[in-house]
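Single-structure report; data block below.
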Number of protein chains: 2
Amino acid sequence: MTYTIKEVAQKTGLSIYTLRFYDKQGLLPFVMRNEAGYRTFTESDLSIIHTICCLKNTDMKISDIRQYVDYVMAGSATIGKRIKLLSAQRAKVLAKQQQLTENLKEIDYKLNIYQSPEAVETINQARQYVKEEKQASKM
Amino acid sequence: MTYTIKEVAQKTGLSIYTLRFYDKQGLLPFVMRNEAGYRTFTESDLSIIHTICCLKNTDMKISDIRQYVDYVMAGSATIGKRIKLLSAQRAKVLAKQQQLTENLKEIDYKLNIYQSPEAVETINQARQYVKEEKQASKM
DNA sequence: TCTTGCCCTAGAGTTATGTCGAGGGTTTAT
DNA sequence: ATAAACCCTCGACATAACTCTAGGGCAAGA
């Protein structure tokens, strides 16, 4: 009926260490323990851990994820706060996507230069220019 | 003809501390010094710092950026290595973009639930289910 | 010339996110 | 009943990427 920490590690791709670390940081307050003190993860727990991983993948800080988890634990009264938090994260993701698109353009621009037949010549000319600029700056 | 570290900080958005840190890490071997030992940045320096920032924004590690800078400093003989390095980074960016798109879908899915008129009801039902699942797991 | 503001280095301190080892209890299969 | 394989906590260690402080030199205006 429940999963051990090892099984959850395998299912999520997180290490056992990381899961325990997350628990210590207050990200997993919903995880129960058995008589021996072992963590017992339910299917629902896996679902919210999945959400935690999703937020993590968008570079949300652990302290902010804890805030979200706390809202979830607090029940429906915090829906407004959850919307605010997720909307802010949504905006961050959109911004990051846009930035990545621009970064990609620059990388492709560089790759095009390097992969062109005139690459060696282009680079040598650039190096010459840099050299002259450095020389000129010494005056 | 050249820029001070403060001016470069303003132009790039990096802090003076960060610029000096990057220099210490070997990311700025091309920056010259004046008689007093002050760094003097040329226009070309700004250009490669821009590239460094671009790679940084795609989460490339400083040690890998240093590798790239070293290749650039070494001249046209390293074009093949630069292509390999940038191509690998390109693949990483594409993967990250795809992941962000998926994360965004999940965030939007959650937001839809929270913003629907039945949000409170949906959440209370989910909480009830979680509760029962936890109860059942105790047996 | 004196003050203010900028520059330098070396190295300590910080933050975030893990990762691991020691010491000890539990479960399972033989 | 015993070994192997788990689980636990606590706290130390690691790593990356800054961030800042102390102590001291340089530069430009009043």
Side-chain angles (χ1 to χ4, degrees), chain A residues 1-42 45-46 49 52-69 89 92 96 99 137-139, chain B residues 1-42 45-46 49 52-69 89 92 96 99 137-139:
Chain A
M1 248 29 271
T2 60
Y3 302 103
T4 67
I5 196 168
K6 191 187 188 186
E7 289 165 335
V8 175
Q10 284 162 348
K11 280 174 180 286
T12 60
L14 301 172
S15 75
I16 291 178
Y17 297 137
T18 300
L19 282 166
R20 288 205 270 246
F21 170 69
Y22 283 179
D23 198 5
K24 216 188 299 190
Q25 297 302 307
L27 260 53
L28 315 178
F30 44 82
V31 176
M32 302 277 100
R33 305 290 184 115
N34 67 15
E35 319 73 43
Y38 290 18
R39 293 174 182 83
T40 57
F41 297 79
T42 64
D45 293 348
L46 286 185
I49 289 172
I52 288 170
C53 288
C54 169
L55 295 176
K56 191 83 225 332
N57 285 336
T58 63
D59 298 312
M60 187 184 277
K61 277 189 304 180
I62 283 181
S63 55
D64 290 341
I65 298 177
R66 179 175 48 220
Q67 182 67 82
Y68 177 73
V69 170
Q89 194 61 16
K92 269 197 197 170
K96 185 70 186 175
Q99 193 194 40
S137 77
K138 282 190 195 160
M139 324 260 169
Chain B
M1 244 31 269
T2 60
Y3 303 103
T4 67
I5 195 168
K6 192 187 188 187
E7 290 166 336
V8 175
Q10 282 161 350
K11 280 175 179 285
T12 60
L14 300 173
S15 76
I16 291 178
Y17 297 138
T18 301
L19 282 166
R20 286 205 271 246
F21 170 70
Y22 282 179
D23 198 5
K24 217 188 298 189
Q25 297 302 305
L27 259 53
L28 315 178
F30 44 82
V31 176
M32 302 277 100
R33 305 291 184 116
N34 66 15
E35 319 74 42
Y38 290 18
R39 292 175 184 83
T40 57
F41 296 80
T42 64
D45 293 348
L46 286 185
I49 289 173
I52 289 170
C53 288
C54 169
L55 294 176
K56 191 84 226 329
N57 285 335
T58 63
D59 299 314
M60 187 184 276
K61 278 188 303 179
I62 283 181
S63 56
D64 290 340
I65 298 177
R66 179 175 49 220
Q67 182 67 80
Y68 177 72
V69 170
Q89 195 60 16
K92 269 196 197 172
K96 185 71 186 173
Q99 194 194 39
S137 78
K138 283 189 195 161
M139 325 262 173

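In this text the structure is predicted, and so the values were computed from the model without any measurement. Chain identifiers are assigned alphabetically (A, B, ...) following the order of the sequence lines, protein sequences preceding nucleic acid strands; residue numbering begins at 1 within each chain.
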(request) Round to a whole Å and report the spacing from NZ of A:Lys6 to C1' of D:dA5. (result) 8 Å
(message) Counting neighbours of NZ on B:Lys96 that are heavy atoms of other residues, nucleotides or ligands and sit closer than 6.0 Å, is the number greater than 12?
(response) yes
(request) Without swapping roles, check the side chain of B:Gln89 against the backbone of B:Thr58 for a donor-acceptor pair under 3.5 Å. (result) yes
(message) Side chain of A:Thr18 only, heavy atoms from C-beta on: which candidate in C:dT19, C:dA10, C:dC7 is closest?
(response) C:dT19
(request) Pick base, sugar-phosphate or nothing for B:Arg39, based on heavy-atom distances below 4.0 Å to the nucleic acid. (result) sugar-phosphate
(message) Closest approach to the side chain of A:Ala36, judged atom by atom: which nucleotide of D:dA27, C:dT27, D:dC7 is it?
(response) C:dT27
(request) Return the nearest nucleotide to the side chain of B:Ile5; candidates are C:dC7, C:dG11, D:dC26. (result) C:dC7
(request) Quickly work out the A:Asn57 CG to C:dT17 P distance and round it to whole Å. (result) 13 Å
(request) Could you check how far CG of A:Leu19 sits from C1' of C:dG18, rounded to whole Å? (result) 12 Å
(message) Can you tell me which nucleotide in D:dC7, D:dC10, C:dC7 comes closest to the side chain of A:Tyr38?
(response) D:dC7
(message) Can you tell me if A:Arg66 touches the phosphate of C:dA16, counting only side-chain N or O atoms and a distance under 4.0 Å to OP1 or OP2?
(response) no
(request) Would you indicate which nucleotide in C:dG18, C:dT9, C:dT27 comes nearest to any side-chain atom of A:Ile62? (result) C:dG18
(message) Here's a test of your reading of the structure: between A:Lys61 and B:Thr4, which maps to the more 5' nucleotide of DNA chain C?
(response) B:Thr4
(message) Rounded to whole Å, please give me the gap between CE in B:Met32 and P in C:dC7.
(response) 18 Å
(request) Report the residue from A:Thr40, A:Val8, A:Val31 that forms a side chain to side chain contact (heavy atoms under 4.5 Å, CB included) with A:Thr2. (result) A:Thr40
(message) Closest approach to the side chain of A:Phe21, judged atom by atom: which nucleotide of C:dG18, C:dC7, C:dC8 is it?
(response) C:dG18
(request) Identify which nucleotide among C:dC8, C:dC7, D:dC10 has an atom closest to any side-chain atom of A:Lys24, counting heavy atoms from C-beta outward. (result) D:dC10
(request) Please round to the nearest 0.5 Å and tell me the distance separating atom NZ of A:Lys56 and atom OG1 of A:Thr12. (result) 12.5 Å
(request) Specify the separation, in whole Å, of atom CD of A:Gln25 and atom C1' of C:dA16. (result) 9 Å
(request) Could you work out which one of C:dT17, D:dA17, D:dC6 sits closest to the side chain of A:Lys56? (result) C:dT17
(request) Could you tell me the separation between the CG atom of B:Leu14 and the C1' atom of D:dT19, rounded to a whole number of Å? (result) 14 Å
(request) Calculate the interatomic distance between A:Asn34 atom CG and C:dT27 atom C1'; express it in whole Å. (result) 10 Å
(request) State the CD1-OH distance between B:Ile62 and B:Tyr22, to the nearest 0.5 angstrom. (result) 5.0 Å
(request) Considering just the side-chain nitrogens and oxygens of A:Arg20, establish if one lies under 4.0 Å of OP1 or OP2 belonging to D:dT9. (result) no
(request) May I have the distance from B:Gln10 (atom CD) to C:dC6 (atom C1'), rounded to whole angstrom? (result) 12 Å
(message) Taking the nucleotide of DNA chain D with the nearest heavy atom to each, does B:Tyr22 or A:Gly37 sit closer to the 5' end?
(response) A:Gly37
(request) Select from A:Phe41 and B:Ser15 the residue whose nearest nucleotide in DNA chain D is closer to the 5' end of that strand. (result) A:Phe41
(request) State which of C:dG18, C:dC7, D:dT21 makes the closest approach to the side chain of B:Tyr17. (result) D:dT21
(message) Could you check whether A:Arg33 pairs with A:Asp23 (Lys NZ or Arg NE/NH1/NH2 to Asp/Glu carboxylate O, under 4.0 Å)?
(response) yes
